[in-house]
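Below you'll find the structure, written out as structure tokens, and then a few comments.
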Amino acid sequence: ESRMKPPVTVLRLPRGPEPNNEEEEQQMRSKMREQFLRVLLLMAHKRVDIELHGKLRMRAQFGTSDIDVLNFQVSDLETPLGVQKEALLRCNDLISCSFEL
Amino acid sequence: MSVWSELGPRQWHEFVNKEVCVTARDQHSYTGHVFTVDPVSASVVLVSPAGPERPSVTMVLGHAVQEVQVLSAGTEEALSCMKHLFTPGHTATFSAEELGARRESLCAWLQKNRVPVHEEGEMLRVADTLTINAPYGPGDCTCNNEIILARVQSLIQSHSTHDLEK
């Protein structure tokens, strides 16, 4: 016996998120990260002014950062207690890092 | 503003090239043009407006950022200043002859160190996985393999110091 099934109501949904959403966001992410890595390259071997908590400032020669920007490797760190030849600074302790071009 | 470090790439990207004032912890305040925001740490890189002083670059760590306020869309002067500073193309400082000499010199050095390298036009190709572009410095390598990349970069580095000692 062939019987047509009753038609199913079609529910119209609002337009969903753009299908390219993910890709666009990912491109922004990689472009901005690439630019940031270039900054790190530019900063290498330069004297930097570092600001920490409580208005504490130090100067050092910037070496490099780890991949997650959790630690900075520096040399000749001028601290209130003298110059530290090599040091690892925790980025969580830093507020800013500046250098001149 | 909700927590800066939680905004995400789309919103951070909105600030790029704008002139902003960043307020950070301990009442620190920084003004400049946003060059980039690191999506990993949400750190903001500001370039000070180009003026009589030498331009300076400030990196404000993402975790310390409390607020970023847009001051203006960013002057043409500042934008071209930033573009100029960070463009990877610094081959303008070497002539074509100098670049050729650098390329050959580096190629010989790598071969001396048993690295399988050959010239491919203006590039140096290493083992079909790494490429070195002009001006053949450690930062001009492209490679998917971190280990090979590190090895070659270290060799290029020792080549330039080797040259200086001559």
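Just so we're on the same page: letters track the sequence lines, and every chain starts at 1.
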*ring-ring contact (aromatic ring centres under 6.0 Å, His included) partners of residues 34-55 of chain A, not counting sequence neighbours, each pair once*: none

Consider only side-chain heavy atoms of I, L, V, M, F, W and Y, link residues closer than 4.5 Å, and tell whether [X] and [Y] are in one cluster.
X        : Y        : value
B/Val57  : A/Met58  : yes
B/Leu155 : B/Leu124 : yes
B/Val117 : B/Leu99  : yes
B/Phe15  : B/Leu71  : no
B/Val70  : A/Met32  : yes

*Can you tell which part of A/Asp49 gets under 4.5 Å to a heavy atom of chain B, answering side chain, backbone, both or neither?*
neither

*Using the side-chain contact (heavy atoms from CB on, under 4.5 Å) rule, take A/Glu51 and B/Tyr30 through it: C-alpha gap first, then chi angles, then the decisive distance, then the call.*
CA-CA 12 Å; A/Glu51 285 186 308; B/Tyr30 308 91; 2.4 Å; yes

*Members of residues 64-74 of chain A whose heavy atoms come closer than 4.5 Å to chain B*: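 The stretch touches chain B at A/Ile67, A/Asp68, A/Val69, A/Phe72.
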
*Does any heavy atom of chain A fall under 4.5 Å from the side chain of B/Val16, the backbone, both, or neither of them?*
side chain

*asked:* Check this for me: B/Glu122, atom CD, are more than 12 non-hydrogen atoms of other residues, nucleotides or ligands nearer than 6.0 Å?
replied: no

_Partners meeting side-chain contact (heavy atoms from CB on, under 4.5 Å) with A/Leu56 (sequence neighbours left out)_ = A/Leu52, A/Pro80

*asked:* According to salt bridge (charged side-chain N to carboxylate O under 4.0 Å, His left out), does anything in residues 99-114 of chain B pair up with another residue at least two apart or in another chain? List the pairs.
replied: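 Matches after skipping sequence neighbours: B/Arg103-B/Glu119.
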
Contact between [X] and [Y] at the side-chain level, heavy atoms closer than 4.5 Å - yes or no?
X       : Y       : value
B/Ser56 : A/Phe99 : no
A/Ile95 : B/Leu61 : no
A/Leu94 : B/Met59 : no

*From B/His13 atom NE2 to A/Glu25 atom CD, the distance as rounded to the nearest 0.5 Å*: 11.5 Å

*Spacing of B/Trp12 atom CH2 and A/Arg29 atom CZ [to the nearest 0.5 Å]*: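 Answer for the CH2-CZ pair, B/Trp12 versus A/Arg29, is 6.5 Å.
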
*Can we say B/Asp38 and A/Arg33 salt-bridge, meaning some charged N sits less than 4.0 Å from an Asp/Glu carboxylate O?*
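So B/Asp38 pairs with A/Arg33 through a salt bridge.
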
